[in-house]
2 protein chains.
Amino acid sequence: MNSNLSLYPSPTVMVDIVIFTVEQDTLKVLLIKRGIEPFYGENALPGGSVQLEHDHTLEDAAKRELEEETGINHTYLEQLYTYGSAQRDPRGWTVSVAYFALVAADEVRLKAGSDAAEAYWHSIQGHRVEFPLAFDHAIILQDAIERLRAKVEYTDIAVHLLPQAFTLSEFQRIYEIIMQETLNKSSFRKRVDQAGIVKPIKGQMRTGSNRPAQLYRFTNTNNNRLFFPRSLVWAEKK
Amino acid sequence: MNSNLSLYPSPTVMVDIVIFTVEQDTLKVLLIKRGIEPFYGENALPGGSVQLEHDHTLEDAAKRELEEETGINHTYLEQLYTYGSAQRDPRGWTVSVAYFALVAADEVRLKAGSDAAEAYWHSIQGHRVEFPLAFDHAIILQDAIERLRAKVEYTDIAVHLLPQAFTLSEFQRIYEIIMQETLNKSSFRKRVDQAGIVKPIKGQMRTGSNRPAQLYRFTNTNNNRLFFPRSLVWAEKK
DNA sequence: GTAATAGTGTCTCTTAGACAATATGCC
DNA sequence: GGCATATTGTCTAAGAGACACTATTAC
């Protein structure tokens with residue numbers, strides 16, 4: 001059976017998800033090695049069919065995939081783009097609604113999904129996706145990286161890559177890793193301060209063999225407001 | 001028949017399109033009065049099923065809808081968002097991939113689509129969609145208006161609402177109509193100049209009972225580059 | 001003390017916006 | 001000239017980035 005309303009055949013609808021984290025000073029994406037045809041044994045983004053009985057919305061399906069892969073059910077999740085054509089899957093006309101998620105590395109517990117032999121973090125180097133992926137997933141990943149880089153400049157979504165408590169240096173470092181540029185410290189702090197998106201946590205600090213840093217936590221207060229009045233301007237190279 | 005690849009039933013896939021124009025100093029959207037059930041006789045966005053035999057991609061389907069409704073086949077067209085749930089259509093689980101298009105008022109030739117009794121321009125007043133539309137189309141339209149307003153601030157897409165030849169005052173007026181704010185004239189001109197997105201047309205001018213304005217045409221050169229280095233800051237009210 | 005990172009302050013330069021001056025058409 | 005809109009120029013203020021200074025810990 002299918003649920004088609006019209007006289008016309010309808011394409012198969014999948015949901016794929018690009019899950020980013022930052023770990024060991026590197027931007028990483030969650031990939032799986034496919035356990036079924038087509039593209040058996042090749043790398044791909046996690047994803048699957050919408051389950052009409054269980055998923056009430058597309059976002060439900062994306063959340064389900066995210067939780068299946070990482071065990072995480074509350075984090076930053078955003079619809080990326082919808083890819084649909086007769087060519088993108090060798091089996092015929094398909095539509096993939098792609099999402100992208102940001103998860104804090106310390107919260108992830110990887111498990112393999114049902115059609116995946118294994119799930120693992122793949123490091124992203126440079127600005128282009130240079131490695132092969134099944135279907136058009138290399139294009140989807142490329143688009144996701146560009147969306148991430150664009151939104152990081154004018155929103156506060158990067159906090160979702162950090163643990164609950166973090167220092168301003170760690171926060172800045174996240175920006176530098178994603179953008180692959182160096183940021184000016186005082187400007188960054190000034191703008192974080194003005195944006196009012198973080199709040200210092202009581203007496204807590206963190207150690208090293210140097211001055212300890214103030215810990216902060218994210219404040220949800222500026223919902224979807226612009227982070228920076230200007231777009232970020234990156235530090236000049238010396 | 002259907003083309004489902006999986007064991008699961010797949011939702012019906014539609015493409016809906018939000019077509020904007022600016023006419024008589026007003027932002028307008030193209031609506032149709034539905035000629036079939038459900039929502040017979042109610043207002044809706046133009047749209048229809050993906051036709052697997054004719055459309056090679058989702059964008060093909062959107063372009064086909066756009067041309068069916070307006071006769072225009074080359075203009076600004078961008079995927080907006082994908083809406084999918086069990087509830088949005090009374091007939092069951094559907095997915096609608098929504099696009100939005102900008103068309104110049106002088107290029108449109110309205111014709112009714114196959115499932116539409118009539119197509120017409122509806123004026124948009126204020127910042128909220130206050131009138132009822134079929135399905136979740138009021139939400140789609142609201143999202144489209146917000147996307148348009150957001151992108152107008154940092155891209156040059158507004159030129160697609162103008163005729164081939166236009167004056168800088170007309171260009172600025174488009175911004176003011178979409179944003180419902182007054183812009184500072186000299187700042188606007190300075191930035192348009194720096195962005196290098198328009199080029200004066202040879203000796204041409206346009207008349208009134210006052211100094212005629214230089215005519216410009218759009219230059220495609222800065223493909224997808226940022227229009228404004230800062231986001232636009234609107235003129236203070238006196 | 002040194003090393004290392006956290007955090008702050010000052011100075012300069014760019015640019016948006018206010019405001020006004022000038023330009024050019026029609027009557 | 002008078003009116004209306006086009007176009008340009010000047011001044012000020014806000015904010016970004018360079019750079020350097022101070023602060024605080026471990027050793």
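Heavy-atom basis, side chains included; hydrogens, waters and symmetry copies ignored. Naming: A, B, ... by sequence-line order, numbering from 1 per chain.
Taking 4.5 Å as the limit, some side-chain heavy atom of B:F20 sits within range of a side-chain heavy atom of B:F100.
For A:H122, the ring-ring contact (aromatic ring centres under 6.0 Å, His included) partners two or more places apart in sequence, or in a different chain, are A:F131.
Whole-Å rounding puts the A:F188 CZ to D:dG15 P distance at 18 Å. Residue A:E170 contributes atom CD, which lies 12 Å from atom C1' of C:dT5 at whole-angstrom precision. Atom-to-atom, CD of B:Q172 to P of D:dA6 comes out at 9 Å; the value is rounded to the nearest Å. Atom CD in A:E153 sits roughly 13 Å away from atom P in D:dA16 (whole-Å rounding). Atom P of nucleotide C:dT14 and atom CD of B:Q194 are separated by 12 Å, given to the nearest angstrom. The distance from atom CD of A:Q214 to atom C1' of D:dT24 is 13 Å, rounded to the nearest whole Å. Nucleotide C:dC27 holds its C1' atom 18 Å from the CZ atom of B:R211, rounded to whole Å. Atom-to-atom, CZ of B:F171 to C1' of D:dA6 comes out at 17 Å; the value is rounded to the nearest Å.
The phosphate of D:dT25 (OP1 or OP2) has no side-chain N or O of A:S209 nearer than 4.0 angstrom. Taking side-chain N and O atoms only, A:N184 has no distance below 4.0 Å to OP1 or OP2 of D:dA16. Contact annotation: A:R189 reaches the phosphate of C:dG7 (side-chain N/O to OP1 or OP2, under 4.0 Å). For A:S169 and C:dT5, the shortest distance from a side-chain N or O to OP1 or OP2 is not below 4.0 Å.
A residue-by-residue look at B:L168 and B:K190 shows that B:L168 has its nearest nucleotide of DNA chain D further toward the 5' end.
In terms of heavy atoms, A:V152 sits closest to A:A158 at CG2-CB, 4.3 Å.
Here D:dT24 is the nucleotide among C:dG7, D:dT24, C:dA4 with the atom lying nearest to any side-chain atom of A:P212. Between C:dA16, C:dG7, D:dA4, one nucleotide has an atom nearer to the side chain of B:N210 than all others, and that is D:dA4.
Between B:F166 and B:Y216, the distance from one ring center to the other does not fall under 6.0 angstrom.
Each salt bridge (Lys or Arg N to Asp or Glu O under 4.0 Å) pair with one or both residues in residues 119-128 of chain A, not counting sequence neighbours, would appear here, but there are none.
Among the atoms of the strands shown, base atoms are found under 4.0 Å from some heavy atom of A:S186.
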